[in-house]
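Contents: one structure, followed by commentary.
Computation of the quantities below employed the complete heavy-atom set of this structure, encompassing side-chain atoms and omitting hydrogens, waters and symmetry-equivalent molecules.
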Amino acid sequence: MKDSALIHTDIQEKWIAKLNTVKDKFRSHAVYNDQHSRFPYENIEWLVNEGYTLLTLPKAYGGEGASVEDMVIIQTYLGSIDGATALSIGWHLSVVGQLYEQKMWDEDMLNQFAESIINGALVNRAVSEAETGSPTRGGRPATNAIKNENGYILNGVKTFTSMSKGLTHFIVSAYDETIEQVGFYLIEKDTPGVEIADNWNMVGMRATESHDLILNDVQIPEQNFVEIRGAGGKKPNGWILHIPSTYLGIAQAARDYAVDFAKTYSPNSIEGTIGDITTVQQNIGKMESLLLSARHFLWSTASLYSNTHSDKAIWNETSASKVLVMNQGLEVIDIAMRIVGAKSLEMERPLQRYYRDMRAGLHNPPMEDMAYTNIAKSVLDRF
């Protein structure tokens, strides 16, 4: 892993060493999973069995107590091994980290759910809908929750439910007309009326199996109404940095592939390898500089989030991290493909998958225009 000097905690060292033992196995699954839009079941099972899903659960609840900084560095490495695996498990890590850091549920539910996580639960929020677009834009969900004598009954369809077939729990946003508020409802996968649509057919991040979640008269107990949207006030969420971490890892993998190619590819039209050609060296230098910039910005933002007590100090950095990593990461992959040339388009090589997966990241939150607008409002004192 590049910039290994920045790896400085026992948790980081432990997990990077453990992931290093399975990186070849994980990568061997990636081609098939991408081609067949198949979830990386074996990879996720290993992560669950090894306790990776406890990473962001606080020690007080039986977890490992990793910081945002720990998560970002470890997830970057996992992203360089397999982007779909990293993005999928990253949603679980992010949801758990935010839930417990911000105490978003009452203590009984937090304790109860911690036990589920310790026993292998995998969770993600299901908030996107075709009618509302990105949930970060604040649209009211069409999914509805109706209170009855047994708790709540939910109906609706959620899109982009990453890791859908691997999840044990969904935290679903729904509108309750009685209280005229958007709430979040904890639903177990085996609850009657829960269905996975099996309709994920995208060009990028194919192996995340982010199918639609369909809810048909799903009855849940009253205590599973766990949150009201915005009830705790708007707070920065450093755990969402799992997203740029994954894509930084993918860009790193593209860089590594291009550099190895430049060191070894020797057409008979030149002496030595293409790594001796000035234009190739210029491209490698530019690619490396972009990666250094993105890496240090993201990792320093994570460190700032983990070590500061001022919300104001990290709003802009958190928003900018994803935009900067995505744009510079896309440029890194473009340069890598230029170095490798037409061979980069061969389906047998991973660069085309890195390119497709990287493009998918543009549509993960926060959206670029929202990030820039929020940063501008902060600068203009218009929040």
Side-chain angles (χ1 to χ4, degrees), residues 3 6-9 11-12 15 52-61 63-79 86-105 110 117 123-125 127 134-136 162 171 184 227 229-249 293-326 328-329 361 364-368 370-375 377-378 383:
D3 280 359
L6 296 178
I7 300 167
H8 61 275
T9 70
I11 289 178
Q12 294 166 22
W15 279 105
Y52 192 74
T53 49
L54 304 181
L55 188 66
T56 58
L57 183 67
K59 290 181 179 180
Y61 293 89
E64 197 156 2
S67 67
V68 167
E69 183 180 9
D70 292 326
M71 178 196 71
V72 162
I73 290 176
I74 298 166
Q75 279 289 110
T76 299
Y77 187 58
L78 181 55
L87 187 64
S88 294
I89 205 69
W91 287 113
H92 167 91
L93 297 180
S94 175
V95 169
V96 171
Q98 184 188 22
L99 277 180
Y100 287 86
E101 178 187 85
Q102 298 183 6
K103 301 283 188 173
M104 301 178 76
W105 299 355
L110 288 174
I117 297 168
V123 65
N124 194 5
R125 290 186 182 272
V127 291
S134 172
T136 58
S162 294
I171 303 173
F184 288 91
E227 300 170 43
R229 187 169 75 180
K234 191 171 177 60
K235 300 176 182 178
N237 176 21
W239 301 99
I240 204 69
L241 293 176
H242 85 90
I243 295 172
S245 303
T246 292
Y247 292 103
L248 178 62
S293 169
R295 185 183 308 120
H296 283 267
F297 188 88
L298 174 62
W299 288 11
S300 65
T301 298
S303 177
L304 185 64
Y305 186 90
S306 296
N307 296 301
T308 188
H309 298 289
S310 170
D311 287 353
K312 186 176 181 181
I314 51 179
W315 272 110
N316 290 351
E317 286 87 347
T318 304
S319 297
S321 288
K322 189 257 182 174
V323 174
L324 185 146
V325 168
M326 285 309 311
Q328 295 189 188
N364 290 141
M367 302 297 107
E368 184 171 301
M370 292 286 289
Y372 284 148
T373 296
N374 287 335
I375 292 170
K377 288 180 177 179
S378 172
F383 268 124

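To the nearest 0.5 Å, the span separating CH2 on Trp299 from OG on Ser245 amounts to 9.0 Å. Note that CH2 of Trp15 is 10.0 Å distant from CD1 of Ile11, once rounded to the nearest 0.5 Å. Taken to the nearest 0.5 Å, the CG atom of Leu298 stands 11.0 Å off from the CD atom of Gln75. Residue Asn316 holds its CG atom at 8.5 Å from CG of Asn374, rounded to the nearest 0.5 Å. Between atom CD1 of residue Ile73 and atom NE2 of residue His8 there is a gap of 6.0 Å, rounded to the nearest 0.5 Å. Taken from CD1 in Ile117 to CG in Leu99, the straight-line distance is 7.5 Å, to the nearest 0.5 Å.
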Handout entry: Step-by-step side-chain contact (heavy atoms from CB on, under 4.5 Å) determination, Trp91 to Ile240
Key = CA-CA 8 Å; Trp91 287 113; Ile240 204 69; 4.1 Å; yes

Handout entry: Derivation and outcome, side-chain contact (heavy atoms from CB on, under 4.5 Å), residues Ser378 and Trp315
Key = CA-CA 8 Å; Ser378 172; Trp315 272 110; 5.6 Å; no

Exercise for the section: In sequence, state the C-alpha distance, the side-chain angles, and the governing distance for Leu93 and His242, and then conclude on side-chain contact (heavy atoms from CB on, under 4.5 Å). Expected result: CA-CA 8 Å; Leu93 297 180; His242 85 90; 5.8 Å; no

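In this structure, Lys59 contributes its side chain and Gly65 its backbone to no donor-acceptor pair below 3.5 Å. Not a single donor-acceptor pair under 3.5 Å links the side chain of Ser94 to the backbone N or O of Gly90. Checked by atom type and distance alone, the side chain of Thr56 never pairs as donor or acceptor with a backbone atom of Val96 at under 3.5 Å.
Residues Asn364 and Lys322 approach most closely at O-NZ, 2.6 Å, considering heavy atoms. Counting all heavy atoms, side chain and backbone alike, Pro244 lies closest to Val325 at O-CG1, 3.4 Å. Closest approach of Leu248 to Ala294, counting heavy atoms only: CD1-CB, 4.1 Å. The shortest non-hydrogen separation linking Ala66 to Trp239 is O-CH2, 3.4 Å. Across all non-hydrogen atoms, the minimal contact from His92 to Thr53 is NE2-O, 3.0 Å. Contact record, Ser300 with His296: OG-O, 2.8 Å, taken as the closest heavy-atom pair.
Under the rule for a side chain to side chain contact (heavy atoms under 4.5 Å, CB included), the partners of Ala302 that lie at least two apart in sequence or sit in another chain are Val68, Glu69, Val72, Leu241. When the salt bridge (Lys or Arg N to Asp or Glu O under 4.0 Å) test is applied to Lys103, the partners found at least two apart in sequence or on another chain are Glu107.
Looking at heavy atoms from C-beta onward, Leu55 lies out of side-chain contact with Asp70 at the 4.5 angstrom threshold.
Salt-bridge annotation for Glu227 and Arg125: present, with a side-chain N of the basic residue lying under 4.0 Å from a carboxylate O of the acidic one.
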